[in-house]
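Here the structure comes first, spelled out in structure tokens, and everything after it is commentary.
Throughout, a chain's letter reflects where its sequence line sits, starting with A, and its residues are numbered from 1. Predicted model only: the values in this text are computed from it and were never measured.
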Amino acid sequence: MKELRMVHSSLKRRAFLRGIAAGVPVALGLPILEHFLGGNGDAFADGTDLPKRFGVFFWGNGRGIDAKRWDPATVGATWDLSPQLEPLMAYKDYLNVVTGMKIKIDKSPQGHHRGSVGILSGRDFIVQPAGSAPYRSTFAGPSIDQTIAAVTGAMTPFKSLELGISQRLDKVEGTTLQFISHNGPDSGNPQEYDPVKLFDRVFAGGGNSGPAQDPELLKNVSEMKTSVLDSVLTDLNGLSQRVGARDKARLEQHAENIRAIEKRLSGTGTNLSAQCTMPTRPGPLATNPNGEPFEERVEALSGVLALALACDLTRVFTIDFTGSASNPVFHPIGIDGGNHDITHQGAAGQDKIDKSTIWTMKQFGVFLGKFMAAAEGDSNLLKQSAIMATSDVSDGAAHSIEDYPIVIAGSAGGFFKNPGVHYRGNGDNASLVLLSLVRSMGLPATEFGADGGHVTESLTGIEA
Amino acid sequence: MSTSAWLSTGLAVLLLACQADIKGTNNGQTLPGTSGAGGTSVGAGGMSVTAGTGPGSDPNALAGPSLRLLTETQYRSTLKSLFTFADELSFDLEDDVALNGLRAIGTSNIALSPKATEAYFHAADIASDRGFGTAANAAATAGCDVSQQACADSYLADFGRRAFRRSLTADEKTRFSGIYQSGVSKLGSGAAGLKYATMAILTSPYFVYRVELGEAAAPGTRALTGTEIASKLAYFLWNGPPDKELLDLAENGGLKAPGALAAQAARLLGSMTQVSAGMDALFEDYVGLYNLGSVEKLPARFPKFTPALVDAMRQETLMNLSKAALSPADFRSVFNSSKSYINGDLAQLYGVNGVSGTSFVQADLPAERRGLLGNASVLSLYAHANVSSPTLRGKFIRNILMCQAIPPPPPNVDTTLPDESQVKTARERLTVHSTNPTCASCHQLMDPIGLSLENFDAMGQYRTQDNGVTIDASGQLDDATFTTEAGLADALAKSERVPNCLSRLVFRSAWGRLETAADEGFINDMTTAFAASTYQMQKLLTNVVTAPSFTNVGELDQ
């Protein structure tokens, strides 16, 4: 098996924000900590670079049959947005559009599974016995966000955050279509759909916090919770000696999760008050009489996410806008059928998919707008980020995985071309983009992916 | 090769593909015994990802044990057995994940995410804080003077035993007692000490997983311990933890005495409130009702499709199936019964007079609506947001009710169907499925079944016309032909595959995994006995939980 090779030591640096103590309310810092910045505004006072963030924005069912609606007409530095990308006009300088790439995994023909796992992890997926389900598959290894988070997670309270907009997921074909972020086989990271719960999780230690208490009491409470977690780790370790190999891996993941809570607890008592002021808790999400509250949820979740990133509570996130092969009804733009269904309805369906793709990019733009508005020294959160927007197929009608739709928003602190370009490949391996993304986060990787998705080069044509 | 020759060759291959699956599945051969036997070894951490397969590559080896996460319902039910105030508590848990269509199988496979783990931690915090957050609450919860070490130790030993479904080890008692003492010294009260000691118990893997690993017995076999048998029995039949009688019996060795397991099974099956919860969990998985909450219907077309009605649909199906399972009746009657448990909303939807209000009563249905396939839950689940879907309905019947696999469409096939602007009825829309040979080989196994349900729209309302055209609801299931849903219902009730598939459902739910080749003999025995009992579900459940196989697992996977 080919594994991502990286040098952890070169990435070590001081975690400048200890984070949120689970169960204990703390005051957080200003969005991005002006007083930590050095004189020139592009680095911290100790000389380290501003943090970079990695994200995925994923939507299901592709961009439709007609690639010309998605692909910009000209290639290179001088290019215009295509009709489907038009809603991203305000962020064009921060976009690198990559077309003409192909997902090169081919062990199983299962359309939506192949594209999802190929673009998110750069390797084949695992086909599992289906039983009474129509199909079952899972990721064979971590998705790219978790590959990156395995390194960046050490520097932030939360390893990663997973958000979702539409809850109309396909839940009958294994984990592949249900979760875009995976730690490994049958180990998905479920999306959060509720802005209040997301807020409570990252800013208020899970939502069960009492009023602020005196520091000595907080310290003692934190120590007691740590002893609870130590006890859990003892039990996990003991149980692990008694189980088979597959359960051992599950328990190791469980233990890693427990250690992450413990790490956040150990931040209790550090002086965070100068760093990030407690933002306002969002109100409950409004319901929408016509169906899912897509736009309301995008607005609320993007706000909480931008704040969590600005406060450096995590550096990795995924947004499952609509699930792979899923069937949400886009009522805000008058679509009268499920999104997956309409990809299979001929010409009339294609018009709807086109409208849907344009609207989806508009929603992506809401996230980008929040990021661009968050200043970080001379830079901004969008510039410091690399967010891959992509889908589970290029054309859903034929389940095609050629000429794949890929946009990278943000320059990862100058790693990607800014202003961006339209790069057109010639059926090249889509994993080239993935290796670029991994490197853009400062990870010195020399290869990425496995099987047909394995690459040893990145896509230099979009790198600065 | 000419086009027609290519087509006919391709057709033959595809026909064989679908027929092979059907035949194979019927005798269990395309189920995981072959395609996934021995575990698929993958790169990350050397994990073997095939659920419950045995060691090595011997497809006939009994599958080894897997830890099973408590489902959300099981977690809450277990917490309720520990605290009288459990129903007052407000906390979130991560959603259960269904694999192979069953949440019961998800529990044996899914690795906890960070978010799911945090949810357990916070739930334990909330529960222990309610129990011990104040001196008064602590005294009420523990029932003794919590400032005394003896009180704390005795409370923790009893609480821990109920929480872990087995007695604590000496090391565990010492550790939890230590947390109590530490809380007393750091926070100055016995209540605080007990709060964190109980929190440690509730966050422990021995609480959130069912640990049913067995002990080495004969080669290739591990025997479940008494408490493990009690846990497997209670979580299957009651969807909750073993009660005091069962746990006491398990711990004093009595459960392994001749006849004891059968007596306990009979007792559990006779306790209607708890066993109804167990049946609800079984049948919610069976029909896929856990997906009903995320089903969408266009509000403009289906204004009656409200959350309250959806909840009623779910209740109706669970009541019909669970009550039939717990009665001495032939369970197959659920497929063609002329009665159903409905409330006022469903009575209105179905056109039944004389039923109103929110409570459910068993009522006679109109002649056009029979059995499970006439339930609005099933008809809504297996349909689109805007129109019905004979294909999805046919696939549900093949996959789920008959345990027959249908392969997905081949890659790069044009799956375009005409929409309502071009054709009026589903039968016209699906013409391509029967005329294009690439499609027909598999669709002939689904569409003719589903087309007989066309008198029901995408949310299960009866209709005689679709877009102004009179519906032709004739259909076919294997050798049976019919012209109405009632005809399909009768054919299904007589199908030999359906009871065999129910045996598989019961096995998968109780074991938390798909059956393998090693289990086929057992499943066939269960199906034979099910038939001999004239298909009494209670007899099937009893036979399954009292069989020697119920108390054995294979070797640990390496």
Side-chain angles (χ1 to χ4, degrees), chain A residues 1 23 109-111 126 128-136 138 140-141 159 167-168 171-172 174 184-187 189-190 206 208 220 223-224 227-228 231-232 235-236 239 242-247 249-250 253-254 257-258 260-261 290-291 329 336-338 341 344-346 348 397-399, chain B residues 32 35-36 40 42-45 47-50 64 66-67 94 98-101 109-115 117-118 121-122 125-126 175 179 182-183 186-187 196 199-200 203-206 213 291 294 296 298-299 384-386 399-400 403 405 408 411-412 415-417 419 514 556-558:
Chain A
M1 184 187 72
Q110 193 72 349
I126 298 170
Q128 300 163 301
S132 289
Y135 196 74
R136 179 179 162 192
T138 192
K159 190 176 174 188
Q167 294 179 279
R168 303 286 184 259
K171 295 182 182 175
V172 301
D186 286 337
S187 184
N189 292 307
N208 60 334
N220 285 329
E223 285 172 5
M224 288 311 298
S227 68
V228 165
S231 172
V232 175
D235 282 341
L236 283 167
L239 182 55
R242 298 171 48 204
V243 299
R246 219 170 48 90
D247 280 341
R250 295 167 78 199
Q253 175 72 44
H254 190 158
N257 305 339
I258 293 287
I261 300 173
N290 298 316
V329 176
D336 60 357
D341 293 343
H344 297 299
Q345 280 173 1
H399 299 129
Chain B
S35 58
T40 308
V42 301
M47 267 182 168
S48 166
V49 297
T50 304
S66 289
L67 296 171
E94 194 58 57
L99 294 175
N100 302 119
N109 290 277
I110 290 295
L112 283 178
S113 65
K115 186 153 82 82
T117 311
E118 288 167 37
F121 183 62
H122 293 302
D125 194 1
I126 286 165
R175 175 149 43 88
I179 294 174
S182 174
K186 281 188 204 299
L187 296 164
Y196 291 103
M199 190 174 170
T203 317
S204 169
Y206 294 109
L213 299 169
N291 275 326
S294 55
E296 179 143 7
L298 297 184
H384 298 300
N386 50 350
N399 280 171
I400 301 200
C403 289
N412 299 319
T415 50
T416 297
L417 292 174
D419 68 13
L514 292 177
L556 300 174
D557 62 310
Q558 298 299 317

Tell me, side chain or backbone of [X] under 4.5 Å from chain A's heavy atoms, or both, or neither?
{"X": "E94(B)", "value": "side chain"}
{"X": "P114(B)", "value": "both"}
{"X": "L112(B)", "value": "both"}
{"X": "Y196(B)", "value": "both"}
{"X": "L67(B)", "value": "both"}

For chain B, the option from I258(A), V172(A), V243(A) that forms the most heavy-atom pairs under 4.5 Å: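 Answer, by heavy-atom pair count under 4.5 Å with chain B: V243(A).
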D341(A) portion near chain B, given a 4.5 angstrom heavy-atom threshold: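 Only the side chain of D341(A) comes within 4.5 Å of chain B.
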All side-chain contact (heavy atoms from CB on, under 4.5 Å) counterparts of S113(B), not counting sequence neighbours: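 Applying side-chain contact (heavy atoms from CB on, under 4.5 Å) to S113(B) gives N189(A), P190(A), K115(B), A116(B).
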All ring pair (Phe, Tyr, Trp, His ring centres under 6.0 Å) counterparts of H344(A), not counting sequence neighbours: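 Counting only residues at least two positions away or on another chain, H344(A) forms a ring pair (Phe, Tyr, Trp, His ring centres under 6.0 Å) with H340(A), H399(A).
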Spacing of OG belonging to S294(B) relative to NZ belonging to K171(A), to within rounding of 0.5 Å: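 The NZ atom of K171(A) is 4.5 Å from OG of S294(B), to the nearest 0.5 Å.
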Close side-chain approach of D125(B) and V228(A), heavy atoms under 4.5 Å: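 No, their side chains stay 4.5 Å or more apart.
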Heavy-atom donor-acceptor pair, N109(B) side chain to D186(A) backbone, under 3.5 Å: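 No.
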Pairs of heavy atoms under 4.5 Å with chain A: top-ranked of A385(B), P205(B), S182(B):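 Looking at each of A385(B), P205(B), S182(B) in turn, P205(B) comes out on top.
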N100(B) versus G131(A), closest heavy-atom pair with distance: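 Between these two residues, the closest heavy atoms are ND2-N, 3.8 Å.
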